[in-house]
Amino acid sequence: MSDLTQEFVNVFCEFVEAVIHQILHLRRIYRPELFERHRLYGITTRRSRHPDLNEYIHSIAISLKGALLQGLLNKVTVNVLGQDGMLVERYVLQSKVTVPKLVDLDPVELEHALRGFLLKLQFADAWMKPLPQGCAFEVAAYTTDRSSLPLQLWIEDEECERRLGAPEPTITPIKSAKLGADIFQMQLFAEC
């Protein structure tokens, strides 16, 4: 594995971590005072101040490395759950990576694309309804091979269920990017 491939994987995991923090702040899963400003890719994002939450989110993001390096990671979702444990809304980060071609990816172009995702996400709540009180979150990873994720952090499960009789979710695109000739593609959208 090349140094550039390893660097891409590290940057992608750092990005997933930032997206999770940003969603938790944006949707007020925790009080706004729990978050502090954090610089990433030349912009200000939000990051939790709570060490246990930070460690949990970091360990989730880092655990994706194996699946990413093998080209097996399809998507990562941040599911917002109501007090009854049912799905209220979901943020989907879907990616397609051609691992052998990562050496051809321009790091500056990648950073610019990831910055664009974080900037768009900062304003996504402008069109969203407020969440009910007492919501929680979970992170799910979808791979083509379940053995690519460490079992101590992930469990195999079915997709989160919506409330019986709930309308079909509205899918709202937030941002998409395609870098190189099919080297890296990613899209972020919300299901509300």
Side-chain angles (χ1 to χ4, degrees), residues 5 7-27 29 40-41 43 45 57-81 87-102 104-107 109-125 127-128 137-150 153-162 168-192:
T5 301
E7 181 62 24
F8 168 81
V9 169
N10 291 338
V11 167
F12 185 82
C13 291
E14 175 185 59
F15 170 73
V16 168
E17 190 174 345
V19 166
I20 295 170
H21 280 283
Q22 196 68 26
I23 290 169
L24 297 180
H25 174 263
L26 175 78
R27 299 307 289 146
I29 304 299
L40 186 63
Y41 312 131
I43 61 169
T45 62
I57 292 170
H58 179 73
S59 65
I60 286 173
I62 294 301
S63 73
L64 300 172
K65 281 185 177 186
L68 194 57
L69 281 170
Q70 297 171 54
L72 302 174
L73 183 65
N74 290 336
K75 64 183 175 182
V76 177
T77 66
V78 178
N79 302 325
V80 179
L81 310 172
L87 186 64
V88 176
E89 63 187 29
R90 174 188 338 236
Y91 294 84
V92 180
L93 184 62
Q94 200 166 26
S95 63
K96 180 182 175 192
V97 179
T98 308
V99 177
K101 294 183 179 180
L102 281 175
D104 299 331
L105 194 61
D106 179 8
E109 188 181 7
L110 175 64
E111 183 178 308
H112 179 75
L114 298 180
R115 179 175 42 241
F117 276 88
L118 290 170
L119 284 171
K120 284 283 194 171
L121 184 58
Q122 288 180 2
F123 301 103
D125 67 334
W127 45 262
M128 302 179 100
F137 80 101
E138 68 179 12
V139 179
Y142 296 82
T143 67
T144 55
D145 180 0
R146 64 180 166 211
S147 68
S148 64
L149 295 174
L153 289 174
W154 298 96
I155 59 170
E156 188 173 354
D157 198 6
E158 298 296 320
E159 284 212 30
C160 209
E161 293 184 19
R162 292 194 177 270
E168 283 296 312
T170 301
I171 297 174
T172 305
I174 297 173
K175 177 84 173 132
S176 64
K178 180 178 179 181
L179 304 178
D182 293 329
I183 297 173
F184 177 68
Q185 298 174 48
M186 186 166 60
Q187 63 180 347
L188 175 63
F189 58 91
E191 296 177 357
C192 308

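Everything numeric in this text was worked out from a predicted model, so none of it was measured.
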Roughly how far, to the nearest 0.5 Å, is the CG atom of Leu26 from the CG atom of Leu24? 9.5 Å
Can you name the side chain to side chain contact (heavy atoms under 4.5 Å, CB included) partners of Thr170, sequence neighbours left out? Thr172
Might you point out which heavy atoms bring Val78 and Ile20 nearest each other, and give the distance in Å? CG2-CG1, 3.9 Å
Which distance, rounded to the nearest 0.5 Å, do you find between the CG of Asp125 and the CD1 of Ile23? 11.5 Å
Who passes side chain to side chain contact (heavy atoms under 4.5 Å, CB included) against Ala113, sequence neighbours left out? Ala177, Leu179
Let me confirm one number: the CG-SG distance from Leu64 to Cys13, rounded to the nearest 0.5 Å. 5.5 Å
Tell me every residue that passes side chain to side chain contact (heavy atoms under 4.5 Å, CB included) with Ala18, counting only those two or more places apart in sequence or in another chain. Leu40, Leu118
When rounded to the nearest 0.5 Å, the distance separating CG of Leu93 from OG1 of Thr77 is 10.0 Å
Leu188 side, atom CG; Leu121 side, atom CG - distance, nearest 0.5 Å: 6.0 Å
The reported gap from CD in Glu191 to CZ in Arg90 (rounded to nearest 0.5 angstrom) is 5.0 Å
Under the side-chain hydrogen bond (donor to acceptor under 3.5 Å, both in side chains) test, which residues partner Thr45, sequence neighbours left out? none
Sequence neighbours left out, what passes side-chain hydrogen bond (donor to acceptor under 3.5 Å, both in side chains) with Gln94? Give chain and number order. Gln187
Cys192 versus Glu89, closest heavy-atom pair with distance: SG-OE1, 3.9 Å
Mind checking side chain to side chain contact (heavy atoms under 4.5 Å, CB included) for Lys175 and listing every partner two or more places apart, or none if nothing turns up? Phe117, Lys120
Those residues at least two apart in sequence (or on a different chain) that pass ring pair (Phe, Tyr, Trp, His ring centres under 6.0 Å) with Phe184 are Phe8
Under the salt bridge (charged side-chain N to carboxylate O under 4.0 Å, His left out) test, residues paired with Glu14 that sit two or more places apart: none
Any salt bridge (Lys or Arg N to Asp or Glu O under 4.0 Å) involving residues 176-185? Give me the pairs, sequence neighbours left out, ordered by first then second residue. Lys178-Asp182
For Phe12 and Leu73 the tightest heavy-atom approach is CE2-CD2, 3.9 Å
Only counting residues at least two apart or in another chain, list the ones meeting side-chain hydrogen bond (donor to acceptor under 3.5 Å, both in side chains) with Glu17. Arg47, His58
Where is the tightest heavy-atom contact between Val139 and Trp154, given as atom of each residue plus distance? O-CZ3, 3.4 Å
Which atoms form the tightest heavy-atom contact between Ser148 and Leu72, and what is the distance? CB-CD1, 3.7 Å
Ring pair (Phe, Tyr, Trp, His ring centres under 6.0 Å) with Tyr41: which residues, sequence neighbours excluded? none
Evaluate the criterion side chain to side chain contact (heavy atoms under 4.5 Å, CB included) for residue pair Leu114 and Met186; output intermediate values, then yes/no. CA-CA 10 Å; Leu114 298 180; Met186 186 166 60; 3.5 Å; yes
Just jot down the side-chain hydrogen bond (donor to acceptor under 3.5 Å, both in side chains) partners of Thr143, sequence neighbours excluded, or say none. none
All heavy atoms of Ala140 vs all of Tyr142, minimum pair found to be CB-CE1, 3.8 Å
In sequence, state the C-alpha distance, the side-chain angles, and the governing distance for Ile174 and Tyr91, and then conclude on side chain to side chain contact (heavy atoms under 4.5 Å, CB included). CA-CA 9 Å; Ile174 297 173; Tyr91 294 84; 4.2 Å; yes
